[in-house]
Peer 1: 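My structure is below; once you've seen it, I'll send some questions.
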Number of protein chains: 2
Amino acid sequence: MNLNELRYIVAVAQERNFRRAAERCFVSQPALSTAVQKLEEELGVQIFERSRTEVTLTRVGARLVEQAQRTLEEVERLRALAREGRDQLIGALRLGVIHTVGPYVLPDLIPALSQVAPEMPLEVEESTTAQLEINLKNGLVDVLLLALPFDVPGIEALPLYDEVFEVVVPARHRWARKRALPPQALSEERVLLLNTGHCFSNQVAEACPEVGRGTSGVSAPGNSLETIRNMVASGSGVTVLPASANSERYRSALLTVVPFTDPAPSRRIALVWRKSFGREKAVEVLATALRSLHLPGVTILPFDAAIVPGIPFTTANAPKPPASA
Amino acid sequence: MNLNELRYIVAVAQERNFRRAAERCFVSQPALSTAVQKLEEELGVQIFERSRTEVTLTRVGARLVEQAQRTLEEVERLRALAREGRDQLIGALRLGVIHTVGPYVLPDLIPALSQVAPEMPLEVEESTTAQLEINLKNGLVDVLLLALPFDVPGIEALPLYDEVFEVVVPARHRWARKRALPPQALSEERVLLLNTGHCFSNQVAEACPEVGRGTSGVSAPGNSLETIRNMVASGSGVTVLPASANSERYRSALLTVVPFTDPAPSRRIALVWRKSFGREKAVEVLATALRSLHLPGVTILPFDAAIVPGIPFTTANAPKPPASA
DNA sequence: ATGTACTGATAGGCAGAACATATCACAGCG
DNA sequence: CGCTGTGATATGTTCTGCCTATCAGTACAT
């Protein structure tokens, strides 16, 4: 049995004539005739009574044709479902994001995205890179927004932007009036950082080896940079934050932001998803929305930027987008 | 799209593994892989996410698989309907029968048939041969029980039995004590017959030309031989009836039945149906039931008896059933 | 590190299904 | 009697569906 055979018997039942039915099915009359015979044979039931003058439905035939119609309707419904699902910008997109990016990106991202893809709500999960990797692999989330490197097989990555690090000190701190600080300076102070489960802490420690090796690095509780910012404001030490964390939204009169001396340490933020994840269009729209957020201290990368951050970003070697878009 | 493809995606969705799904579908893994790809291509939608380690449903995929299952269920329901309809002894059989046969056959036929085919009730229509022919052609009835000849294209006929004619006279009639009468004798009497729309009347007239030509033949009102029997009982004349009309059931003290002299005139009763009518089994059961009714004055015919009555039946030339059944 | 086992995708070849064209057998009608 | 219209049949071609063999990549144990 196949769907064409069902279409054929429905057509014959409606037309009560093999030729016209064949025409309506866009096949030759013999093709239709033999197909109907084959179906009757397979079902072991005569569906039509054929006389030279007219074609009639048998009693069973009438019920079979009715059921065939129902079946074909279900097939049509399936087609309709596929048609609806064809638009990749319909349906929630589950985004995993690291703690040190989420709070500074999502408030602007979500309205921007709902503008360009109103039928694709974001479902956000905030966690550490390690946990996000697990959830991406087992399909609990679709796309990750995190800091490179992220070298995992079966994964596609699209670098979005580089973001410099900045020193944050209490407003009355002796460094508050400095124009810039070299990374080494941090060894002189108590530097509050998230625990080592957070990639950002490790990247700071890497950029400022004194903090990593010496005793100046202090692990703060929780998963939020905002906790640390408040601790700094209350005089518990200094810290290093990614530039996007120092937007107007999060600025405080109690704190002062001091940039690093050139070349400032930075991190490369990227979108990452399973190669097998089919909604490229959704990822593309998400990437475009992220690139156009106008975050402070951030340099948008061209589409072909390297996965590895490479030489820390400076204004001197800022990558240019290719001439041909 | 075809039904196998639907079966395949359901299997993959259940097994979450192409190999196992292929095994369950009794096809090779490549066959299943390409079929699923083909369907995804056709629908323009990704149904599964394939990674090396596992297969996951996309959101659309989940809905499509669900709908595919519904569709396959409808197909299964169609198969079930066919299975039910396969038994040709299920469902009413519409039988057309001539007026001069019905009353003498049906009272015994109906219970006999409901014995061997309880799920095949008879729907009986009693009429003249001409009207029955029309109704058989346009499908209002399925099978006819009538007297031969009945030569119509596209029609199958199965002769069942030969039935002699008998003379019926009032009990005190001068013929009542005769052992037998020659057909010619009828010209001496008023012979009551149905009008010429009834084949039986014509057959009597044919067998006894004197009745047909002369004035002895009298057309009685109505379509029932029983009306005529009563008229004979009340002395309006004599008549000729088929032997089955003179069973115990219809016998009367006011009447006497006198056989014709050998060779007695007779008629050949047959079942007749459209060649395209598919329920041969139903016809066969009906024929068998009719053959085993034990009607008086009736000789059962072998299966290969001629359509034309041929030489009037006598005990001398009685046909024998073939050795091999 | 490296070999083994497992995944799904791909390549090439073959058999059968599905189809088209041409023709037949038959009923109905003028 | 010839003409028209019906569904069935015959024959050849095209294409689909499937097979086996193989590849490419990941996971995992050694």
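Note that this is a predicted model, so its numbers are computed, not measured. The analysis underlying the following values was restricted to heavy atoms, covering all of them including side chains, and did not include hydrogens, waters or symmetry mates. Below, chain A is the first sequence line, B the second, and so on; all start at residue 1.
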Peer 1: Round to a whole Å and report the spacing from CZ of B:Arg20 to P of C:dA5.
Peer 2: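 To the nearest whole Å, that distance equals 18 Å.
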
Peer 1: Specify the separation, in whole Å, of atom CD of A:Gln29 and atom C1' of C:dC24.
Peer 2: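 These atoms are roughly 12 Å apart.
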
Peer 1: For A:Arg267 and A:Asp162, indicate whether the former's side chain and the latter's backbone hold a donor-acceptor pair under 3.5 Å.
Peer 2: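 Such a contact is absent between A:Arg267 side chain and A:Asp162 backbone.
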
Peer 1: Any side-chain N or O of B:Asn4 below 4.0 angstrom from OP1/OP2 of D:dT16?
Peer 2: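 For D:dT16, neither OP1 nor OP2 has a side-chain N or O of B:Asn4 closer than 4.0 Å.
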
Peer 1: Quick one: CD on A:Gln29 to CZ on A:Arg19, what's the gap to the nearest 0.5 Å?
Peer 2: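 If I round to the nearest 0.5 Å, the distance is 4.5 Å.
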
Peer 1: Does D:dA8 have OP1 or OP2 sitting under 4.0 Å from an N or O in the side chain of A:Arg50?
Peer 2: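 Yes, because at least one side-chain N or O of A:Arg50 sits under 4.0 Å from OP1 or OP2 of D:dA8.
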
Peer 1: Round to the nearest Å and state the distance from A:Glu15 atom CD to D:dT6 atom C1'.
Peer 2: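 Answer to the nearest Å: 15 Å.
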
Peer 1: If only atom types and distance count, is the side chain of A:Glu42 paired as donor or acceptor with the main-chain N or O of A:Met1 below 3.5 Å?
Peer 2: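 Pair found, side chain donor or acceptor close to backbone of A:Met1.
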
Peer 1: Let's see if you can work this out: which of C:dG8, C:dA9, C:dC19 has an atom nearest to the side-chain heavy atoms of B:Val55?
Peer 2: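 Of the candidates, C:dG8 comes closest.
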
Peer 1: In this structure, how many angstroms lie between the P atom of C:dA20 and the CD atom of A:Glu23, rounded?
Peer 2: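 These atoms are roughly 12 Å apart.
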
Peer 1: On DNA chain D, nearest-nucleotide positions of A:Arg16 versus B:Leu32: which is more 5'?
Peer 2: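 Between the two, 5'-proximity favours A:Arg16.
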
Peer 1: What's the closest nucleotide to the side chain of A:Ala31 if the choices are D:dC18, C:dA20, C:dA22?
Peer 2: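 The listed nucleotide nearest to A:Ala31's side chain is C:dA20.
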
Peer 1: Check whether any side-chain heavy atom of A:Val60 sits under 4.5 Å from a side-chain heavy atom of B:Leu81, and report yes or no.
Peer 2: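 Heavy-atom side-chain distance check fails, nothing below 4.5 Å.
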
Peer 1: Measure from CZ on B:Arg19 to C1' on D:dA21 and round the result to the nearest Å.
Peer 2: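 The answer, rounded to whole Å, is 12 Å.
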
Peer 1: Considering only D:dC18, D:dA21, D:dA8, which nucleotide approaches the side chain of B:Val27 most closely?
Peer 2: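 Comparing D:dC18, D:dA21, D:dA8 against the side chain of B:Val27, the answer is D:dC18.
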
Peer 1: Are B:Ser28 and D:dC19 close enough that a side-chain N or O sits under 4.0 Å from OP1 or OP2?
Peer 2: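 Answer yes for this pair, as a side-chain N or O of B:Ser28 is under 4.0 Å from OP1 or OP2.
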
Peer 1: Rounding to an integer number of Å, can you tell me how far B:Asn17 CG sits from C:dA5 P?
Peer 2: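 Atom CG in B:Asn17 sits about 18 Å away from atom P in C:dA5.
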
Peer 1: Starting at NZ of B:Lys38 and ending at C1' of D:dC15, how long is that distance when rounded to a whole Å?
Peer 2: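 That distance rounds to 12 Å.
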
Peer 1: I need the CG-P distance between B:Leu3 and D:dG17, as an integer number of Å.
Peer 2: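 B:Leu3 atom CG is separated from D:dG17 atom P by 12 Å.
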
Peer 1: OP1 or OP2 of D:dG17 less than 4.0 angstrom from a side-chain nitrogen or oxygen of B:Tyr8, does that happen here?
Peer 2: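 Answer is no, no contact under 4.0 Å.
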
Peer 1: Taking only N and O in the side chain of B:Ser33, is any of them less than 4.0 Å away from OP1 or OP2 of C:dA9?
Peer 2: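 Affirmative; the distance criterion is met.
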
Peer 1: Does a side-chain N or O of A:Asn2 approach OP1 or OP2 of C:dA18 to a distance below 4.0 Å, or not?
Peer 2: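 For A:Asn2, the contact criterion (side-chain N or O under 4.0 Å from OP1 or OP2 of C:dA18) is met.
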
Peer 1: For the pair A:Glu40 (side chain) and A:Phe48 (backbone), establish whether a donor and an acceptor sit closer than 3.5 Å, ignoring hydrogens and angles.
Peer 2: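 Yes, the answer is positive, given that a donor and an acceptor are paired below the 3.5 Å cut-off.
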
